[in-house]
Amino acid sequence: MTASAGESSLAVKTGDTFVYSCSGSWLSNQTDVQMPESIQAQFYLQYIACAILEVNGVTVTVNASSFYTTGIFMEIATADYGGGYVPFYIPAGLGVGSVVPNTNMESSPVEVCYVNDTITRTFGSQPRTINHLDIAFTVEGFPNVSCNAYWDQNTGVLTQVDYAYKNQTGDTSTTWTLTLKLTETSLFTVSGPETAQPSPTVPELPAAIVAFPIAALTGAALLYRKRKAN
């Protein structure tokens, strides 16, 4: 029997570090379709690096640095399950049919979501069991956006999330994608020596950083939002 969100706890802890690469694409020949600013800003976001400062129940506080082509934005963010359209951290030990917590919030899918299946993926030449969520919902006015999210079952850490939208009517079409992918973590080896890629430095602990206004971080709306005040 797999654990539910209420029966299991977050496995992440103070001092854990994570680096995610960010990428996206946009292609449209529909002159009346404009890319929302919050999605457009994602294409300037290259990495998110974060270090956990505190875990209190399901509430996670991180020192996060967002690396854009236009500069670096840093902040200390606090949110249940780490925030995001889908959460960055879910309880350890979940499996098929388990509730994915925090997916029924205002800025997330409108109904409770459940783990669809578990798969095996190789990280650093080691196989790991991964929980997979496959859903579709409206994002920034775009209906039926496909979302595939993957969490490491043993730690509950988000390893990848892919958003994809496609609409074609005759010869006109609009497609866009956004991907967030774990490239480095202190919890387990992600890449082997032959595939390792350079990544930004994770913020040091304890943090002594400048808190930028939330408005400056609207570009991270899909990938790193839903925080609450300390």
Side-chain angles (χ1 to χ4, degrees), residues 1-22 47-65 76-103 108 113-135 147-162 179-193 195-197 199-205 207 223-227:
M1 178 178 178
T2 58
S4 70
E7 297 169 338
S8 188
S9 59
L10 296 183
V12 294
K13 62 187 182 305
T14 300
D16 290 343
T17 60
F18 311 90
V19 176
Y20 291 89
S21 65
C22 310
Y47 291 94
I48 296 174
C50 59
I52 294 181
L53 300 177
E54 182 183 11
V55 179
N56 184 7
V58 300
T59 303
V60 182
T61 299
V62 299
N63 176 0
S65 297
I76 291 178
T78 299
D80 289 348
Y81 304 100
Y85 255 58
V86 293
F88 272 66
Y89 317 110
I90 64 175
L94 301 189
V96 176
S98 296
V99 173
V100 178
N102 234 38
T103 51
S108 292
C113 299
Y114 303 87
V115 174
N116 294 96
D117 57 351
T118 57
I119 61 177
T120 299
R121 283 189 168 181
T122 300
F123 294 87
S125 76
Q126 296 296 318
R128 298 188 70 88
T129 302
I130 302 295
N131 285 322
H132 172 224
L133 173 67
D134 182 4
I135 54 175
C147 172
N148 282 274
Y150 305 86
W151 294 268
D152 179 59
Q153 188 181 61
N154 188 51
T155 63
V157 171
L158 182 71
T159 61
Q160 185 167 330
V161 59
D162 301 303
T179 294
L180 184 72
K181 186 175 182 178
L182 184 68
T183 61
E184 182 181 325
T185 178
S186 59
L187 297 181
F188 54 89
T189 302
V190 177
S191 301
T195 58
Q197 299 294 322
S199 60
T201 301
V202 175
E204 295 182 358
L205 296 173
L223 305 180
Y224 198 74
R225 296 297 284 174
K226 209 167 54 186
R227 59 183 58 84

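Residues: numbered from 1 along the sequence shown.
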Hey, does Y150 have a side-chain heavy atom less than 4.5 Å from the side chain of L182?
no
Just so I know, are the side chains of V161 and Y20 near enough to count as touching, which here means a heavy-atom distance under 4.5 Å?
no
Taking side chain to side chain contact (heavy atoms under 4.5 Å, CB included) as the definition, give me every residue that meets it alongside T118, ordered by chain and number, with sequence neighbours left out.
V96, T129, N131, Q153
Find out whether L158 and L180 are in side-chain contact, i.e. whether some heavy atom of one side chain is under 4.5 Å from a heavy atom of the other.
yes
Aromatic rings Y89 and F18: how do their planes relate, parallel, tilted or perpendicular, breaks at 30° and 60°?
tilted
If we only count heavy atoms from C-beta on, is the C22 to T179 side-chain gap below 4.5 Å?
no
Restricting to side chain to side chain contact (heavy atoms under 4.5 Å, CB included), what partner residues turn up for Q126, sequence neighbours left out?
none
Does R128 form a side chain to side chain contact (heavy atoms under 4.5 Å, CB included) with T189? I'd like the steps, not just the answer.
CA-CA 11 Å; R128 298 188 70 88; T189 302; over 6 Å; no
Can a donor-acceptor pair be found, under 3.5 Å and without considering hydrogens, that links the side chain of T155 to the backbone of A11?
no
When rounded to the nearest 0.5 Å, the distance separating OG1 of T183 from CD1 of I48 is 11.0 Å
Could you tell me whether the side chains of N116 and H132 share a donor-acceptor contact shorter than 3.5 Å?
no
Using a 4.5 Å cut-off on heavy atoms from C-beta on, say whether the side chain of V12 contacts that of F88.
no
Assess the residue pair V190 and T185 against the criterion (side chain to side chain contact (heavy atoms under 4.5 Å, CB included)); give the C-alpha distance rounded to whole Å, side-chain angles, the decisive distance to 0.1 Å, and a yes or no.
CA-CA 7 Å; V190 177; T185 178; 3.8 Å; yes
Drop me the distance from L94's CG to N154's CG, to the nearest 0.5 angstrom.
11.5 Å
Member of T14, I76, V62, V60 meeting the side-chain contact (heavy atoms from CB on, under 4.5 Å) criterion with L53:
I76
Just how far is it from atom CZ of R121 to atom CG of D152, taken to the nearest 0.5 Å?
11.5 Å
Tightest non-hydrogen contact, residues P91 and Y81, listed as CD-CE2, 4.2 Å
Do V100 and V86 make a side-chain contact, defined as non-hydrogen atoms from C-beta onward lying under 4.5 Å apart?
no
Indicate yes or no: at least one non-hydrogen side-chain atom of L133 is less than 4.5 angstrom from one of C147.
no
How many angstroms lie between CD in Q160 and CG in N148, if you round to the nearest 0.5 Å?
9.0 Å
